[in-house]
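If you're wondering where the values come from, they're calculated on a predicted model, not measured in any experiment. Residue numbers begin at 1 in each chain, while the letters A, B, ... track the order of the sequences.
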Amino acid sequence: MSTIRTRFAPSPTGFFHIGSARTALFNWLFARHTGGKFILRVEDTDKERNNDQYLQVIYDSLKWLGMDWDEGPGIGGNYGPYKQSERADVYQDYLKKLTATGRTYEKDGAIWFRLEGERYTEYDSFLKKEVEKVKAAPVTINDLIRGKVERAEDRDFVIVRNNGEPVFHFVNVVDDIAMEMTHVIRGEDHLSNTSKHVELYNALGAPVPAFAHIPLILKTDGPGKMSKRDRGALIEEYQSRHFLPAAVRNYLCLLGWTPKDGREVLPIGDIIDQFELSDVHQANARFDEKKMAFINQQHLRALPLETFAWLATPVLQQAGLVSDTTNENYLQSVLALCQEKLPGLENLADISRYFFTDDFPYDEEARAKISKKSDPAIRIRQLIPALEKLQKLDDADIDAAINDTASANGAKPGDYFAPLRFAISGVGGGPHLHDVVRVLGKDRVIARAKKFTGE
RNA sequence: GUCCCCUUCGUCUAGCCCGGUCCAGGACACCUCGCUUUCACUGAGGUAACUGGGGUUCGAAUCCCCAAGGGGGCGCCA
């Protein structure tokens, strides 16, 4: 059995769309699952958009998402070159082959592919003009996801523009033949065009690869597929928001495919093990940012602390909360507290600010909520003497301080928790209060408590 | 317009191939309650779907047909 060869063939546009990412991902997963090859081929025939910066976006995004290619730019391989802009001679060769079959002709300076079948002229309501049509025999596409799809082309089509540039349908097929692709895995938006491609394979006498048309990713709300303008559509957005690439990749897998073992959050190795093209869904999926964020949080929490710290530290540095002079042990204890409850790294700075500066804001909504029960300033004033007596700062120690103060003032322990948290952190929520007190340290807690009461 | 693809909770989906175990399961989101010793959290619970209509069958989410709805293609874009 010959090796499975799949490819991802993006064109450099300057951004990396989430739909492209998932197409690449499914190709990559299939190759890795089957022990085949994953090839990167750049479709940079559009000269205007062909520059290195745009190419770099593709490479960076693929690498960020952990998709390595076995052949392609920067790697090489036996089927190069891997940029269409460098393959003009290949297209010429194949054009000659095709011309030799008598299936091409020139019209208006362009080269057209001729379908076989009875010809007639008809008004086309889409093109809004009279066009020559052909009663061609339908071709059957054996799609690994959709089964047999039958479709007939009904018009000859251009394969080389009048400026000499070959068009997508032609170069795509030629490259897939020349690079001996066994599986073409791409978005469903290409399904209708596949009949053109099969016509070309047949005319060139080349074996038709297996096709797999994956469902599209639709906008969160509103009609149509995700476009680059939609929120969440671009991979660079997740990079800049400090999403974990493993989480983005994990979520993307869930759009149109479900792991057999029922888990939603799982390591990539397990996904590779379970991935089968035949299990890919047929229906389009709608993008859900909240679910993505959830998956991200799950991955974040599963990280070993050292890894989390390694990722989180630059985020805090960027926010100006941490510098080279920050105490390393202190930073580690703060991060240990934050990790377990952090929604995402993008929230880290906001959530942990009070650990790094005394100049933190007070959340007035939280203040209002706490004040409904009792005046927090009064509670804190009552609590300060007990805080000053703290010794070990362990749970029992802190509980004792609160319990004693409560009974001395005819209140419940619960009356002190929220005020204390608010006084020392300015917010209504966060890590376990005992841990916050312990990490901040007795001196800082007392100083903030006093400041809070206005002393 | 035409051709192709699709159709289970708001969303992602399980189940569908091999009809009965499904008055349809899970997850996200949402809502409620509890922990009245907090919580970005945790625990418990809840609302919520087989697009519609025909057929086949003792029996259909599951098979067939039609309709409707959604998506995509139809370019000398990719």
Side-chain angles (χ1 to χ4, degrees), chain A residues 9-11 13 43-46 49 84 107-112 122-128 131 138 141 143 145-147 149-155 157-169 171-172 187-196 213 215-216 218 220-221 223-225 251 254-258 260 262-265 278 281-295 297 301 338 340-344 347-348 350-352 370 373 395 398-399 402-403 406 412-422 427-436:
Chain A
S11 57
T13 52
E43 306 217 327
D44 56 348
T45 48
D46 188 341
R49 296 195 294 200
Q84 289 187 337
K107 193 175 88 179
D108 305 330
I111 300 173
W112 294 65
E122 187 182 74
Y123 178 80
D124 187 291
S125 58
F126 181 76
L127 298 169
K128 296 192 171 71
V131 290
I141 300 150
D143 194 286
I145 295 169
R146 284 147 211 288
V149 177
E150 234 182 39
R151 199 182 116 85
E153 282 299 315
D154 66 351
R155 276 204 314 135
F157 53 92
V158 170
I159 52 173
V160 181
R161 287 187 266 270
N162 60 12
N163 65 3
E165 297 264 333
V167 306
F168 162 78
H169 300 300
V171 296
N172 197 263
E188 201 217 81
D189 46 346
H190 288 290
L191 184 55
S192 291
N193 282 148
T194 304
S195 44
K196 279 191 186 70
H213 286 93
L216 268 23
L218 269 27
T220 302
D221 34 46
K225 56 177 176 175
Y251 175 69
L254 264 26
L255 248 27
W257 178 78
T258 311
K260 284 193 220 33
R263 282 184 298 165
E264 289 191 317
V265 179
S278 54
H281 308 152
Q282 305 188 331
N284 294 160
R286 220 168 265 282
F287 178 76
D288 183 352
E289 192 185 10
K290 285 182 175 162
K291 183 116 185 189
M292 164 94 116
F294 170 78
I295 302 282
Q297 185 186 32
R301 292 171 70 173
C338 290
E340 54 174 326
K341 293 182 177 181
L342 190 65
N347 308 299
L348 181 60
D350 278 344
I351 272 165
S352 66
I370 294 163
K373 240 179 157 179
D395 286 1
I398 296 166
D399 280 338
I402 289 172
N403 291 338
K412 286 179 288 187
D415 296 332
Y416 292 88
F417 277 80
L420 179 56
R421 175 189 293 284
F422 188 73
V427 289
H432 204 281
L433 182 58
H434 297 70
D435 293 328
V436 177

If only atom types and distance count, is the side chain of R161(A) paired as donor or acceptor with the main-chain N or O of V167(A) below 3.5 Å?
-> no
Do the side chain of N284(A) and the main chain of P215(A) share a donor and acceptor less than 3.5 angstrom apart?
-> no
By nearest atom, which of the nucleotides [options] is closest to the [X] side chain?
X: R146(A); options: C5(B), C76(B), G1(B); answer: C5(B)
X: L216(A); options: G72(B), G1(B), C76(B); answer: G72(B)
X: E264(A); options: C12(B), G72(B), A27(B); answer: A27(B)
X: F294(A); options: A27(B), C76(B), G73(B); answer: A27(B)
X: A283(A); options: C6(B), A78(B), G71(B); answer: C6(B)
X: A285(A); options: C3(B), C12(B), C41(B); answer: C12(B)

Between CD1 of I370(A) and CG of D415(A), what distance do you get to the nearest 0.5 Å?
-> 12.0 Å
Give the rounded distance in Å between these two atoms: CG of L255(A) and C1' of U11(B).
-> 10 Å
Would you mind reading off the distance between L433(A) atom CG and C35(B) atom C1', rounded to a whole angstrom?
-> 15 Å
Side-chain N or O of [X] closer than 4.0 Å to phosphate OP1/OP2 of [N]:
X: R286(A); N: C6(B); value: no
X: T258(A); N: A14(B); value: yes
X: Q282(A); N: C6(B); value: yes
X: H281(A); N: U13(B); value: yes
X: R161(A); N: A78(B); value: yes

Report the residue (E340(A) or M292(A)) whose heavy-atom-nearest nucleotide on RNA chain B is the more 5′ of the two.
-> M292(A)
In terms of the nearest nucleotide of RNA chain B, which residue is placed more toward the 5' end: P343(A) or P413(A)?
-> P413(A)
Parallel, tilted or perpendicular for F417(A) and H434(A), by the 30°/60° rule?
-> tilted
Select base, sugar-phosphate, or nothing to describe what [X] touches, counting heavy atoms under 4.0 Å on all strands.
X: I351(A); result: base
X: D399(A); result: base
X: R301(A); result: sugar-phosphate

Donor-acceptor pair under 3.5 Å, K291(A) side chain vs A27(B) base = yes
Would you state whether a donor and an acceptor, one from the side chain of D288(A) and one from the base of C12(B), lie under 3.5 Å apart?
-> no
Complement of C18(B), any strand, by Watson-Crick or G-U distances under 3.5 angstrom | none
Around K260(A), counting heavy atoms of other residues, nucleotides and ligands shown, do more than 12 lie under 6.0 Å from its NZ?
-> yes
Just wondering, do K196(A) and F168(A) contact through their side chains at under 4.5 Å, heavy atoms?
-> no
Could you tell me whether the side-chain ring of F126(A) sits stacked on the base of C74(B), using a centroid cut-off under 5.5 Å and a plane angle under 30°?
-> yes
